[in-house]
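For ligands, and for the atoms within them, numbers begin at 1 and follow the listed sequence. Only a predicted model underlies this, so the values are computations on that prediction, with no experimental measurement involved.
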Amino acid sequence: MEQANSYNYLNGKIILSKKASILTNDRGFLYGDGLYETIRIHQGKPFLWKWHMTRLIAGAEIIGLKLPLTSSKLLEELKNLIQKNNSSNCIARLTITRGPGERGYDFTGDETPTSLVSLHEIPPIEKKAISLSITNIRVATGDILTTIKSNNKLGSIMAKRFAKEKNTDDGLIINSDGNITETSSANIFYIKDGILRTPPINDGVLPGVTRRLTLGLASSLGLAVKEESIAPKKLEQANAIFVTSAVAGIRNVRQIEDTKFPKNQLVNQLQKAYNEELSKHTTLAAKSTGS
Ligand code: PLP
């Protein structure tokens, strides 16, 4: 019997993943020279598709990567893959590298990019709130590379390992000004005095699609929103903290280092609103949330 999600899309073809191969001089493999998107597929449709594409296109412009497919072609290929794998609720990973090239960092711009799409089970996200540690991983404030979803994720890998060694669920990455940016794989928010706060992108933050959705949902719930730098000390006074990602949605944080945080009604409301958006996007045509 075939395993779940055993088919991949690779460079124009749907093939068994065990038959898929990438050349040894692919710059994505050698240098992390590429981009990716991790997308929640709900009832056969990618959630927040347009926003994922906006980020992918922005990233491609920044690194000078010519995307080999338009977003509508990519969507068509993704839908075919979802059908082929018979997998309507899953996580899709789209990876586009600059493709095979000469040794050395320079590129000609004539490389043929490699495009790969794979589907994965949604990880069992426990309902319980998570714990975070403050890692020794640093990014530079204003670093443009933190704003793109590049294939180079060593910072996140190290932050996750740090967190695991501290027996915590994830780790916070700090910028060169000493402020909190995000966790290894999610954006961070906190509520204080009835205001929802999150670090600005320029602090060294990935512009998460779920962050974007959450900011919009908060405004429509009448919650004031502020993008401001977060010194670790500020978090100690938070009324509630949560993290957001396409894979896990909105997750409560129960503890950072020794400080514990209570559950908060406003976070429940945001989670509810998020779930409603997720259900709605399958029934509605494209709308403001980029579905
Ligand atoms: N920050 C980092 C470093 C991430 O890797 C991710 C997602 O993988 C996020 C934030 C959340 O982004 P999104 O909501 O687009 O999944």
Side-chain angles (χ1 to χ4, degrees), residues 32 34-42 46-60 62 71 90-96 118-120 122-123 125 130 132-135 137-163 169-175 179-190 196-218 227 230 241-253 270-271 273-275 277-278 281 289-291:
L35 302 167
Y36 74 102
E37 287 294 326
T38 307
I39 304 175
R40 173 78 188 263
I41 308 296
H42 184 68
F47 187 41
L48 307 177
W49 171 256
K50 286 192 180 150
W51 291 356
H52 280 287
M53 289 304 103
T54 304
R55 182 170 62 192
L56 182 71
I57 291 164
I62 288 168
S71 50
C90 60
I91 302 295
R93 156 124 187 180
L94 319 183
T95 309
I96 302 193
S118 53
L119 302 183
H120 307 268
I122 300 173
I125 310 288
I130 60 169
L132 301 177
S133 46
I134 295 180
T135 72
I137 303 302
R138 299 288 178 269
V139 292
T141 305
D143 183 353
I144 200 165
L145 289 180
T146 65
T147 71
I148 65 175
K149 208 161 160 70
S150 93
N151 282 341
N152 199 319
K153 294 299 279 190
L154 276 173
S156 286
I157 291 165
M158 299 291 284
K160 192 76 187 175
R161 187 176 75 159
F162 182 102
D169 297 304
D170 208 342
L172 288 163
I173 297 169
I174 308 295
N175 69 17
N179 294 320
I180 281 166
T181 61
E182 56 193 345
T183 74
S184 74
S185 55
N187 292 110
I188 186 156
F189 290 80
Y190 78 104
L196 181 65
R197 300 157 202 261
T198 194
I201 300 304
N202 191 53
D203 273 13
V205 172
L206 181 79
V209 297
T210 323
R211 174 188 186 274
R212 183 170 171 180
L213 178 64
T214 304
L215 289 171
L217 292 175
E227 291 184 55
I230 307 181
I241 303 191
F242 63 89
V243 294
T244 63
S245 71
V247 171
I250 297 175
R251 283 194 89 179
N252 265 302
V253 173
L270 283 167
Q271 283 171 323
Y274 172 90
N275 288 332
E277 281 301 323
L278 186 62
H281 98 288
T289 53
S291 290

Which heavy atom in Ser184 sits nearest to a heavy atom in Asp170, and how many Å separate them?
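Here Ser184 and Asp170 meet closest at OG-OD1, 2.8 Å.
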Closest heavy-atom contact between Val243 and Val253?
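Residues Val243 and Val253, closest heavy atoms: CG1-CG2, 3.9 Å.
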Check: Ile91 and Pro123 side chains under 4.5 Å, non-hydrogen atoms:
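Sidechains of Ile91 and Pro123: in contact.
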So which of Thr183, Thr135, Ile137 actually passes side chain to side chain contact (heavy atoms under 4.5 Å, CB included) with Leu172?
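For Leu172, the side chain to side chain contact (heavy atoms under 4.5 Å, CB included) check succeeds only for Thr183.
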Test Glu182 against every option in Thr244, Leu206, Asn175, Val139 by the side chain to side chain contact (heavy atoms under 4.5 Å, CB included) rule and name the one that passes.
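When side chain to side chain contact (heavy atoms under 4.5 Å, CB included) is applied between Glu182 and each of Thr244, Leu206, Asn175, Val139, only Leu206 qualifies.
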Distance only, no hydrogens: is a donor on one side chain within 3.5 Å (strictly under) of an acceptor on the other, for Thr181 and Asp203?
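Judged by distance alone, the side chains do not pair up.
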Could you list each N/O atom of ligand 1 together with any protein N/O atom closer than 3.5 Å, one pair per line with the distance?
residue  : atom   : partner : partner atom : Å
ligand 1 : 1 (N)  : Glu182  : OE1          : 2.7
ligand 1 : 5 (O)  : Lys153  : NZ           : 3.3
ligand 1 : 8 (O)  : Lys149  : NZ           : 2.7
ligand 1 : 14 (O) : Val209  : N            : 3.4
ligand 1 : 14 (O) : Thr210  : N            : 3.0
ligand 1 : 14 (O) : Thr210  : OG1          : 2.6
ligand 1 : 14 (O) : Ala246  : N            : 3.4
ligand 1 : 15 (O) : Arg55   : NH1          : 2.8
ligand 1 : 15 (O) : Arg55   : NH2          : 3.0
ligand 1 : 15 (O) : Val209  : N            : 2.9
ligand 1 : 16 (O) : Ala246  : N            : 2.8

